[in-house]
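Accompanying notes for the structure given below.
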Amino acid sequence: MSLDPLLEIVHGPTQEVWAERNKAAFEALFGSPDGRYPKPAAKGVTLRAPGMSSDSGVPFAAYIHPSNPPSGPYSGLSFVIFPVAGNPCLIGMGVGTQGLTPDEAILGRPGHARKAQAICSWLNREYGGGNFVAWAKQDATRTDVSVPDDVKEEWPAYKSVFDRYGKEMYALYSPTANRAGTEAAVTAFLDLLFDERGYRPIASSQANYDSIRSNWFEYLMPGVERPQVAGLLADRRYVIIQGPPGTGKTMMATELLQEEYGGRGRSIQFHPSTTYENFVGGLAPATSGGELGFRFTPVPGFLMEAAAQALSDPSRNYLLHIDEINRADLGKILGEAIFLLEPTANSERKIDLPYDFGTPFHRTFFLPKNLHILGTMNSADRSIAIVDVAVRRRFAFVSLWPRMSVVERYGCPTMQKAFRDLVSIFVEHATDDVFTLVPGHSYFLESDEARAKQSLLVNLAPLLQEYLTQGYVGGFAEPIRGYLQRLRSK
């Protein structure tokens with residue numbers, strides 16, 4: 001296998017033939033039938049592996065941009081191996097001490113750091129075995145920020161590396177005895193490096209490339225299934241599903257209400273005019289036989305009605321689904337009732353009411369433990385109220401992301417390509433706050449090729465145009481405009 005010589009370097013003892021061994025491992029990566037990358041890819045990087053000596057400082061081997069000189073400090077992004085006596089080599093991605101050039105466009109693109117973070121999240125989950133084995137910096141260009149102290153404490157064997165190159169490294173993997181993890185990390189980092197240089201693996205390695213990329217890509221937009229949300233509701237009672245438009249938030253909530261709760265509960269929708277009186281309860285006009293013809297009387301709101309329904313059947317759980325929960329100021333709507341939303345409280349919390357609302361609460365309100373609340377929230381709607389910290393602390397938040405598997409199942413080839421292209425634009429160019437705007441899979445579920453173009457033009461295009469108009473995607477407006485032009489030209 002082409003990676004075997006490199007893996008032997010990572011796990012083998014440090015030797016004086018460091019430069020020679022790295023040269024052989026580097027050359028083994030290119031060309032068929034045994035290499036991983038095409039031969040021209042060897043021109044996209046240069047190996048730098050200085051020989052070891054007592055006065056050579058921190059030894060390393062790096063795959064760097066070919067524009068760098070043959071020796072001395074280098075610049076741009078690189079794949080790096082650091083040998084440390086008595087331990088496997090530390091491996092990762094870094095920036096040369098001379099700065100970002102000529103890779104500033106790559107390193108400055110949000111997608112590069114985002115993918116490095118996803119790779120490290122995957123490595124931790126898949127190969128950590130409960131330990132912390134991978135770390136990635138939020139911004140690869142921040143060479144003024146060093147590896148965090150808590151990470152250094154996790155990996156004390158590499159202190160000399162951190163002291164010398166801690167600010168330049170932005171993705172790291174600390175190998176364990178599990179060589180499969182090392183192989184996964186080396187492969188993922190190298191694939192990312194050569195992707196950025198414009199090279200993909202040769203045909204014989206393409207399936208492995210696709211598999212690894214699919215594994216870590218799940219951590220860019222992790223999937224959440226209905227049973228997971230149901231379990232979270234059972235544990236936390238109060239949950240909010242958030243996500244971009246078209247990711248199936250409301251559908252999941254209504255399915256939960258019908259399937260997991262057997263229809264026990266109700267769905268309501270918040271809007272800017274929703275008030276405390278609507279939701280908790282308050283005075284409302286009622287007809288009267290007196291001279292005035294009407295009077296004001298205490299009327300329960302949606303929350304009090306749901307609590308009364310749950311209280312009447314304590315052996316079964318009930319669900320109150322609040323759609324578009326952040327289209328109103330939840331802090332004002334809850335008022336003092338926010339005190340009740342404490343799932344970890346040891347005793348039942350109660351509040352006094354200003355009026356007698358009759359059976360079963362009268363002037364004391366509480367939320368029975370079998371009442372669960374599920375909110376759904378569109379993360380793309382920037383014109384709505386921000387959910388404040390006090391409210392966020394009381395709800396468990398779950399994110400729904402666009403799912404390629406859904407588009408592959410229900411969408412025609414045109415839809416599948418349109419989905420991949422648009423997600424790729426957001427992955428590569430969107431900042432973290434804008435990444436939550438990526439349109440969901442429901443925009444791409446047309447199965448008929450003849451109707452696919454029209455569906456994209458009347459459903460997806462107006463949303464993207466609105467993003468442009470509002471300036472939400474100002475940092476990558478041209479790729480979005482180019483995408484829209486391609487849609488309209490078909």
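Defined by atom type and a distance below 3.5 Å, a donor-acceptor pair is present between the side-chain atoms of Asp191 and Tyr37. At a cut-off of 3.5 Å, with distance as the only test, no side-chain donor of Thr143 or Glu168 sits close to an acceptor on the other residue. Inspection of the Asp323 and Thr376 side chains reveals an N or O donor paired with an N or O acceptor under 3.5 Å. Using modelled atom types and a 3.5 Å distance limit, the side chains of Asp432 and Gln138 yield a donor-acceptor pair.
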Quiz item: Please walk me through it: do Arg179 and Glu8 pass salt bridge (charged side-chain N to carboxylate O under 4.0 Å, His left out)?
Solution: CA-CA 10 Å; Arg179 293 202 178 199; Glu8 285 302 314; 2.9 Å; yes
Self-check item: side chain to side chain contact (heavy atoms under 4.5 Å, CB included) between Gln228 and Val398, intermediate numbers included
Solution: CA-CA 9 Å; Gln228 293 174 260; Val398 176; over 6 Å; no
Quiz item: Should Thr97 and Lys167 be marked as a side chain to side chain contact (heavy atoms under 4.5 Å, CB included) after you check the CA-CA gap, both sets of side-chain angles, and the distance that decides it?
Solution: CA-CA 9 Å; Thr97 56; Lys167 291 183 178 181; over 6 Å; no
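With sequence neighbours excluded, the residues that form a side-chain contact (heavy atoms from CB on, under 4.5 Å) with Asn68 are Arg48, Ile64, His65, Tyr74, Ser75. For the side-chain contact (heavy atoms from CB on, under 4.5 Å) test, residues two or more places apart in sequence or in another chain that qualify with Ala477 are Leu468, Arg481. The side-chain contact (heavy atoms from CB on, under 4.5 Å) check on Ala180 picks up Tyr127, Asn178, with sequence neighbours excluded. Residues meeting the side-chain contact (heavy atoms from CB on, under 4.5 Å) test with Arg226, sequence neighbours left out: Met252, Glu255, Leu256, Glu259, Glu260. In this structure Arg237 satisfies the salt bridge (Lys or Arg N to Asp or Glu O under 4.0 Å) test with no other residue, sequence neighbours excluded.
Aromatic ring centres of Phe194 and Phe30: separated by under 6.0 Å. Taking the six-membered ring for Trp and the full ring otherwise, Tyr443 and Phe419 have centroids separated by 6.0 Å or more.
Using a 4.5 Å cut-off on side-chain heavy atoms (C-beta onward), Phe60 and Val161 make no contact. Proximity of Leu123 to Tyr219: side-chain heavy atoms (C-beta onward) are nowhere separated by under 4.5 Å. Side-chain contact between Val45 and Phe79: absent, with no pair of heavy atoms (C-beta onward) separated by less than 4.5 Å. Side-chain contact check for Trp155 versus Val84: every heavy-atom pair is 4.5 Å or farther apart. Between Trp401 and Thr436 there is a side-chain heavy-atom pair separated by less than 4.5 Å.
With respect to the salt-bridge test (charged N to carboxylate O, under 4.0 angstrom), the residues Arg197 and Asp103 qualify.
Sorted by first and then second residue, the salt bridge (charged side-chain N to carboxylate O under 4.0 Å, His left out) pairs with a member in residues 104-113 read Arg109-Glu196, Arg109-Glu428; sequence neighbours excluded.
Within the model, atoms CG of Asp139 and CG of Leu107 stand 9.5 Å from one another, a figure rounded to the nearest 0.5 Å.
Crowding of Tyr410 atom OH: a count of heavy atoms from other residues, nucleotides or ligands under 6.0 Å not exceeding 12.
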